[in-house]
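Inspection log for the structure reproduced underneath, given as structure tokens.
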Amino acid sequence: MRIAIYPGSFDPPTNGHIDIIGRARQVFDRVVVAVLRNPRKDPMFSVAARLEMLEEAIGEDEGVQVVAFDGLLVDAAREHEAHAIIRGLRAISDFEHEFQMALMNRQLDDQVETLFMVPHAAYTYLSSSLIKEVAGLGGSVSDLVPAGVELRLREHHGK
Ligand code: ADP
């Protein structure tokens, strides 16, 4: 069974993330979407809320599992028997950091391969932080995030 882990903050999930999950599913039997518990990043949404938003957006698919993790990604990969780490690449600006992370993860565990996937062109400019900024200023993000995410963003801003 081919298993991949797709880690991230997903604070909140966007259509770009969901697009990558769908593409990864074309290649892997199981995709473990791993939500980072990262208190340093001071997230807008709790881990529980992020898990819920992802589950809602993914819908019924036994091949996708949504989990939370902390600590080293390679340890989470091992725990879930994943042989690949999926990362999304939007633009050249993502590259340097992703390249460093991929090589560091290989240094830590050379049994896990990092694979980069490219989203639909419509989502290449999307990031969770930009979504939060636009939603916070009252702009519409309805074409850019799953419906449940839009609702929670509105609730967060009391609208
Ligand atoms: P992180 O804090 O790990 O960067 P994110 O939730 O921002 O977590 O992103 C998780 C993964 O999804 C990363 O590989 C990131 O490059 C990718 N990603 C984020 N937004 C998009 C998008 N719009 N299209 C494709 N991949 C994306």
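Start at 1 and go down the list; that is how both ligands and their atoms are numbered.
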If the contact criterion is a heavy-atom separation under 4.0 Å, does P7 count as touching ligand 1? yes
Using heavy atoms and a 4.0 Å limit, tell me yes or no: is Y6 in contact with ligand 1? yes
Identify the two heavy atoms, one from H17 and one from P12, that lie closest to each other, and give their separation to 0.1 Å. CE1-O, 3.9 Å
Looking at every heavy atom in both L126 and G16, which two are closest together, and how far apart are they?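 Scanning both residues completely, I find the closest heavy atoms to be CD1-N, 4.0 Å.
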Considering non-hydrogen atoms of the protein only, which is the closest contact for [atom], and what is the distance?
atom: atom 1 (P) of ligand 1; result: S9 OG, 3.8 Å
atom: atom 7 (O) of ligand 1; result: H17 NE2, 4.2 Å
atom: atom 14 (O) of ligand 1; result: G88 N, 2.9 Å
atom: atom 6 (O) of ligand 1; result: F10 N, 2.9 Å
atom: atom 4 (O) of ligand 1; result: R87 NH2, 3.6 Å
atom: atom 24 (N) of ligand 1; result: P119 CG, 3.2 Å

Can you tell me if [X] uses its side chain to pair, donor with acceptor, with the backbone of [Y] under 3.5 Å?
X: R50; Y: P13; value: no
X: S9; Y: D11; value: no
X: N105; Y: V74; value: no

Ligand 1 to I20, heavy atom cutoff 4.0 Å, flagged ligand atoms 25 (C), 26 (N)
Considering distance alone, does some N or O of I86 sit under 3.5 Å from an N or O of ligand 1?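 N/O-N/O distance below 3.5 Å does not exist for this pair.
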Is the shortest distance from a Lys or Arg side-chain nitrogen in [X] or [Y] to a carboxylate oxygen in the other one below 4.0 Å?
X: E81; Y: R30; value: no
X: D94; Y: R90; value: yes
X: R152; Y: E52; value: yes

Would you mind telling me if ligand 1 is within reach of the side chain of L126, the backbone, both or neither, using heavy atoms under 4.0 Å?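 Within the 4.0 Å criterion, L126 contacts ligand 1 through backbone and side-chain atoms alike.
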Restricting to heavy atoms, the pick from M117, R90, M101 nearest atom 20 (N) of ligand 1 would be R90
